[in-house]
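Worksheet: the structure to be examined is printed underneath.
Computed from a predicted model, the values in this text were never measured in an experiment. Quick note on labels: first sequence line is chain A, next is B, and so on, each numbered from 1.
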Number of protein chains: 2
Amino acid sequence: MKNLKVTVVGLGVIGGAFAEGIKQLGATVYGVDIDEKTLKYAKEKNIIDEGFLIGKEALLQSDIVIISLYPSLLKDFIVDNINYFKVNAIITDVSGIKESIISQIEGLLRDDLDFIYGHPMAGKEKQGIEYADLKVFKNANYILIKSEKNKKKNLILIEKLIKELGFKNINYLTAKEHDEIIAFTSQLTHILAVALINSDDEKNDTSQFIGDSFRDLTRISKINADLWSELFLGNKKNLIDKIENFQDELSKLKILLDTENSNLLKREFIKSTKRREKLDN
Amino acid sequence: MKNLKVTVVGLGVIGGAFAEGIKQLGATVYGVDIDEKTLKYAKEKNIIDEGFLIGKEALLQSDIVIISLYPSLLKDFIVDNINYFKVNAIITDVSGIKESIISQIEGLLRDDLDFIYGHPMAGKEKQGIEYADLKVFKNANYILIKSEKNKKKNLILIEKLIKELGFKNINYLTAKEHDEIIAFTSQLTHILAVALINSDDEKNDTSQFIGDSFRDLTRISKINADLWSELFLGNKKNLIDKIENFQDELSKLKILLDTENSNLLKREFIKSTKRREKLDN
């Protein structure tokens with residue numbers, strides 16, 4: 001990666017980790033962020049080579065641009081900077097939703113630019129570059145979006161970069177498949193964690209009566225409200241489908257409990273155990 | 001603990017950890033289990049001093065008896081062994097439900113015996129002594145059941161033992177309070193994990209598209225079907241109440257999504273974040 005120049009736009013938890021990791025791989029890394037303190041911190045901690053409050057200067061030199069902004073800001077960044085991207089630059093993003101993003105952006109791109117849409121399945125219940133941590137990438141899953149338009153050599157380069165950052169699996173999905181699957185594996189889990197902790201009647205000091213299970217199930221109820229509202233609303237139909245599937249399962253279990261149907265209850269638990277064991281392989 | 005003789009009945013994940021921990025504290029530890037291989041393993045691994053297939057011989061000598069059996073087996077063990085407990089012995093249990101257990105047992109006890117009902121809030125998604133692990137007790141919560149009958153000096157001894165095994169907080173609750181609280185903090189979480197993983201439509205290989213959040217929320221869907229069916233059915237009313245509270249919260253979130261009420265959604269996320277942050281303190 002030594003001869004590459006890479007710009008990371010948005011130095012939060014994820015953008016910061018990308019910048020740090022790519023710099024460690026030997027590339028020149030520019031950071032773009034609207035927060036001067038973030039840029040100063042990133043430079044001091046050797047996460048970036050140089051920081052910029054606006055895109056122009058960094059983009060003009062960059063072979064790869066990683067945009068790590070909230071979905072609602074992505075389109076505007078592209079519009080505002082469309083003339084500054086280097087000829088034949090590769091652009092990628094890290095957004096947790098894809099169909100709406102891609103439909104907003106596709107018409108805006110210059111023909112020479114190659115946007116490879118991506119989703120690193122890694123994160124943290126924290127905000128800001130101070131919490132950026134390469135370790136969250138270790139062995140994590142990465143989804144890239146299938147497209148006829150992407151150039152083979154660019155895909156190979158991006159895949160190489162992803163692997164070198166520590167990710168384990170890269171899978172290609174269509175935007176539609178991505179949004180459906182993510183509604184289940186990532187968005188539904190966040191909704192459940194929020195509903196669980198918000199359903200506490202708080203009659204008691206819950207913290208005194210919990211085990212690891214409650215801690216694990218509510219960890220992600222510490223949630224970036226602005227970001228996740230965007231992600232949920234941007235994938236509303238899929239997410240509601242998954243919520244309804246879940247509601248059906250939960251109602252089924254409640255009925256089995258209520259009717260004291262021990263045999264069928266156990267069958268559900270044996271099923272869940274087998275399914276979970278598969279995830280450990 | 002050097003002069004104490006302690007019997008642990010049921011050398012599973014929890015009983016095994018109690019035996020190992022108490023032996024390390026210097027007491028003499030007898031293990032009672034119906035499985036000969038378990039007793040052999042426990043003795044070889046220095047988890048117990050001596051193993052027995054039936055209670056009599058161990059109980060006759062023991063100052064403390066820790067019964068770590070499924071709730072459905074607890075009463076029978078007491079009935080079968082009521083004449084063998086040492087005079088003035090302390091008995092304790094580890095059951096995850098309390099009202100039904102206590103009502104079954106209270107009439108059966110000899111007057112000299114002091115049963116201090118307890119619930120260590122620690123566990124593992126595994127079964128059998130090979131998985132017994134003292135580490136699960138480290139900094140965990142412990143609930144003891146309030147009773148006028150327990151002797152002060154016995155409570156002091158049991159509290160000391162619990163602390164020396166690594167537990168952090170000991171809280172006293174009535175059996176009724178215990179079952180209500182546990183329905184929320186422990187039983188509901190297991191039901192949700194099962195419903196989540198069982199609601200997977202399995203169109204895709206889910207394992208390729210998950211992050212830590214899905215792993216965390218489904219960890220406890222690997223569940224001992226026999227044990228947890230007993231615990232759920234033995235606390236049915238409370239658990240159904242908690243499931244319904246949860247269902248209400250989830251429906252509320254679904255409606256906010258469906259109506260695209262971004263402001264109220266964010267308010268729910270800010271609430272969940274604040275509540276979860278409190279648990280970290």
With chain A as the partner, which of [options] has the greatest number of non-hydrogen pairs under 4.5 Å?
options	result
Asp200(B), Ile240(B), Ile270(B)	Asp200(B)
Asp212(B), Ile191(B), Leu233(B), Asp248(B)	Leu233(B)
Ser262(B), Ala122(B), Ala225(B)	Ala225(B)
Glu244(B), Glu180(B), Arg267(B)	Glu244(B)
Thr218(B), Leu188(B), Asp205(B)	Thr218(B)
Leu265(B), Val136(B), Asn204(B)	Asn204(B)

Practice item. Identify which one of Arg215(B), Lys222(B), Lys126(B) satisfies the salt bridge (Lys or Arg N to Asp or Glu O under 4.0 Å) criterion when paired with Asp280(A). Key: Lys222(B)
Verify, without hydrogens or angle tests, whether [X] (side chain) and [Y] (backbone) share a donor-acceptor contact under 3.5 angstrom.
X	Y	value
Asp93(A)	Gly118(A)	yes
Thr273(A)	Ile223(B)	yes
Gln127(B)	Asn224(B)	no

Check your understanding: Of all residues at least two apart in sequence or in a different chain, which pass the salt bridge (Lys or Arg N to Asp or Glu O under 4.0 Å) check with Glu130(B)?
Key -> none
Chain B contact via [X] - side chain, backbone, both or neither, heavy atoms under 4.5 Å:
X	value
Ile181(A)	side chain
Asp258(A)	both
Leu250(A)	both
Asp226(A)	both
Ile220(A)	side chain

Exercise for review: Not counting sequence neighbours, which residues clear side chain to side chain contact (heavy atoms under 4.5 Å, CB included) with Asn261(B)? List them please.
Suggested key: Leu256(B), Thr259(B), Asn263(B), Leu264(B)
So which part of [X] gets closer than 4.5 Å to some heavy atom of chain A, the side chain, the backbone, both or neither?
X	result
His190(B)	side chain
Lys203(B)	side chain
Ile143(B)	side chain
Leu253(B)	side chain

Study note, to complete from the structure: Contacts satisfying ring-ring contact (aromatic ring centres under 6.0 Å, His included) that involve residues 232-263 of chain B (not counting sequence neighbours) are Phe269(A)-Phe232(B), Trp228(B)-Phe232(B)
**Study point:** Residues in residues 169-179 of chain B near chain A [non-hydrogen atoms, under 4.5 Å]
**Key:** Asn169(B), Asn171(B), Leu173(B)
